[in-house]
Colleague: 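The following block contains the structure, expressed as structure tokens.
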Protein chains: 2
Amino acid sequence: MTDTKTKLLDVAERLTQTKGFNGFSYLDLAEEVGVKTSSIHYHFKTKADLALALVDRVHGAHVAAFGQLDAQVPNAENRLAAIVEVFEGYVNDDKFCLCGMLSAEFQSVSPAVRGRLRTYFQDMRSWVAKQLNEMGFTDSDNRSLSFVSSLEGSLLLARLNGDASLIGSALEQVKQN
Amino acid sequence: MTDTKTKLLDVAERLTQTKGFNGFSYLDLAEEVGVKTSSIHYHFKTKADLALALVDRVHGAHVAAFGQLDAQVPNAENRLAAIVEVFEGYVNDDKFCLCGMLSAEFQSVSPAVRGRLRTYFQDMRSWVAKQLNEMGFTDSDNRSLSFVSSLEGSLLLARLNGDASLIGSALEQVKQN
DNA sequence: GTAACTATCTATATATCGATAGGTATTTTG
DNA sequence: CAAAATACCTATCGATATATAGATAGTTAC
């Protein structure tokens, strides 16, 4: 029996990824979860607090996923491929990246969220750089920037065109040299 | 010729690029331009119509800019650099790409806008591919996808970190061989 | 076993949303 | 000139936004 707070985060996450954080209301959220809007305010005092909780949760989940990949997948290229697959999966669900979305809406999110977004992408870049380094690239710092940028940008284009394969195509370039 | 309509588009464009299309209201727009919200409805019957007008205008402007660059800048690499500079300029104005923003908010825009966004990015990719082809790349089709993806993604990261140079760094990879 | 806490509800407040009706100058056109 | 179109306005609608107060039932702590 999933608790209400988790359900709220699940639905809010999906709505943010599909329509944007400013593209849904507490009423939308309440009706989907089956509670009243006042109950959402009980768990997340303001909508800004909900945004913060969303970023924190996805950040934690991704850091954990990075750790699991490091421990379980014995090849850096395959580890990177696993992340690419996650993003390809978004396309089929008509989703953008949650932190990419909030970064797009940057000027309408709280300073606290802005800080978290910077940390999220910094952590992602660091992890990607580590993989690229293991793959033998000497310019892993700059290449990781290119990797993450292409990942976000190609996801935007892939969803727009309903073609998940655009992500892999765009990233091929980054792995060349 | 009333320039109210132009002013409305100018401000709406900036608000979309900074806060997202769902991040501002007709009242925000009206107050900045100095008219009443009913006047906005006179020029753009619904907010969806405003979105359409925004995409159409920027699409026309960019197609025109591509043509001017082709006519006036005698080197493909410099022509590409000119586009990169436009995106670097966005960072200093805390803007994202207008069509990138609406693509992020994809699930909350009208089917008409979705179609226009596809055309916008298709035209951009075609033009970039032409430049890359002139630069001697034989994989210009795939490389243009990588270029545009990196451009959009790195703009997201650049604004997030207030560092316009991230765009050029990310794109260096694409121009390598 | 009662006091405090948790998680929800009802009910409401205040503000704003996009949108429309209808009026009024000004400009254009036949 | 008169009719029509243009570009605003005032006034207002119904719906929805985020948010709060206070009641209630169930659970936990002392």
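Chain naming here is simple, since letters A, B, ... match the order of the sequence lines and numbering starts at 1 in each.
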Colleague: Can you see if the side chain of A:Ser39 gets near the phosphate of C:dC9 - specifically, an N or O under 4.0 Å from OP1 or OP2?
Modeller: yes
Colleague: Write down the distance between CZ (A:Phe44) and C1' (D:dT20), rounded to a whole number of angstrom.
Modeller: 18 Å
Colleague: Is the number of heavy atoms from other residues, nucleotides or ligands under 6.0 Å of A:Lys36 NZ greater than 12?
Modeller: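 Incorrect, the count does not exceed 12.
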Colleague: D:dT18, D:dC8, C:dA19: which one has an atom nearest the side-chain heavy atoms of B:His41?
Modeller: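 Looking only at side-chain atoms, B:His41 lies closest to C:dA19.
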Colleague: Using whole Å, report how far CG of A:Leu50 lies from C1' of D:dT18.
Modeller: 12 Å
Colleague: Where the side chain of B:Tyr42 is concerned, which of D:dT20, D:dA7, C:dT8 is the nearest nucleotide?
Modeller: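 Closest of the options to the side chain of B:Tyr42: D:dA7.
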Colleague: Does the C:dT8 base have a donor-acceptor partner in the side chain of A:Ser38 within less than 3.5 Å?
Modeller: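 Absent.
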Colleague: Examine distances only and state if a side-chain atom of A:Arg114 and a backbone atom of A:Val109 form a donor-acceptor pair shorter than 3.5 Å.
Modeller: yes
Colleague: Hey, is the side chain of A:Thr4 poking within less than 4.0 Å of OP1 or OP2 on C:dT8, counting only N and O atoms?
Modeller: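 For C:dT8, OP1/OP2 do have a side-chain N/O of A:Thr4 under 4.0 Å.
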Colleague: Could you check whether the side chain of A:Thr46 and the base of D:dT18 have a donor-acceptor pair of N or O atoms closer than 3.5 Å, going by distance alone?
Modeller: no
Colleague: Flag this pair as yes if the NZ/CZ of A:Lys47 is under 6.0 angstrom from the six-membered ring centre of A:Phe24 and inside a 45 degree cone about the axis; otherwise no.
Modeller: yes
Colleague: Pairs in or reaching into residues 50-77 of chain A: which pass ring-ring contact (aromatic ring centres under 6.0 Å, His included), with residues at least two apart or in two chains?
Modeller: A:His62-A:Tyr120, A:Phe66-A:Trp127
Colleague: With the side chain of B:His43 defined as its heavy atoms from C-beta on, choose the nearest nucleotide among C:dT8, D:dC9, D:dA7.
Modeller: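 In terms of side-chain proximity for B:His43, the closest of C:dT8, D:dC9, D:dA7 is D:dA7.
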Colleague: Which of residues 7-28 of chain B have a heavy atom under 4.0 Å from DNA chain C?
Modeller: B:Phe24, B:Ser25, B:Tyr26, B:Leu27
Colleague: Would you kindly give the CD1-to-P distance between B:Ile40 and D:dT6, to the nearest whole Å?
Modeller: 20 Å
Colleague: Counting any heavy atom closer than 4.0 Å, what does B:Lys36 reach on the DNA or RNA strands: base, sugar-phosphate only, or nothing?
Modeller: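 The residue B:Lys36 makes base contact.
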Colleague: Base, sugar-phosphate alone, or nothing: which one does B:Lys45 contact when heavy atoms must sit under 4.0 Å apart?
Modeller: sugar-phosphate
Colleague: Please determine if B:Lys175 forms a cation-pi arrangement with B:Phe137, meaning its NZ or CZ atom is less than 6.0 Å from the six-membered ring centre and no more than 45° off the ring axis.
Modeller: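 Not flagged: B:Lys175 not positioned over aromatic ring of B:Phe137.
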Colleague: From the set D:dC9, C:dT8, C:dA19, return the single nucleotide nearest to any side-chain atom of B:Val35.
Modeller: D:dC9
Colleague: Keeping the roles fixed (side chain from B:Ser150, backbone from B:Phe147), state whether a donor-acceptor pair exists under 3.5 Å.
Modeller: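 Not at all, since once roles are kept as given, no pair shorter than 3.5 Å links the two residues.
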Colleague: Mind jotting down which residue pairs meet the side-chain hydrogen bond (donor to acceptor under 3.5 Å, both in side chains) criterion with at least one end in residues 84-105 of chain B? Sequence neighbours excluded, please.
Modeller: A:Gln107-B:Asp94
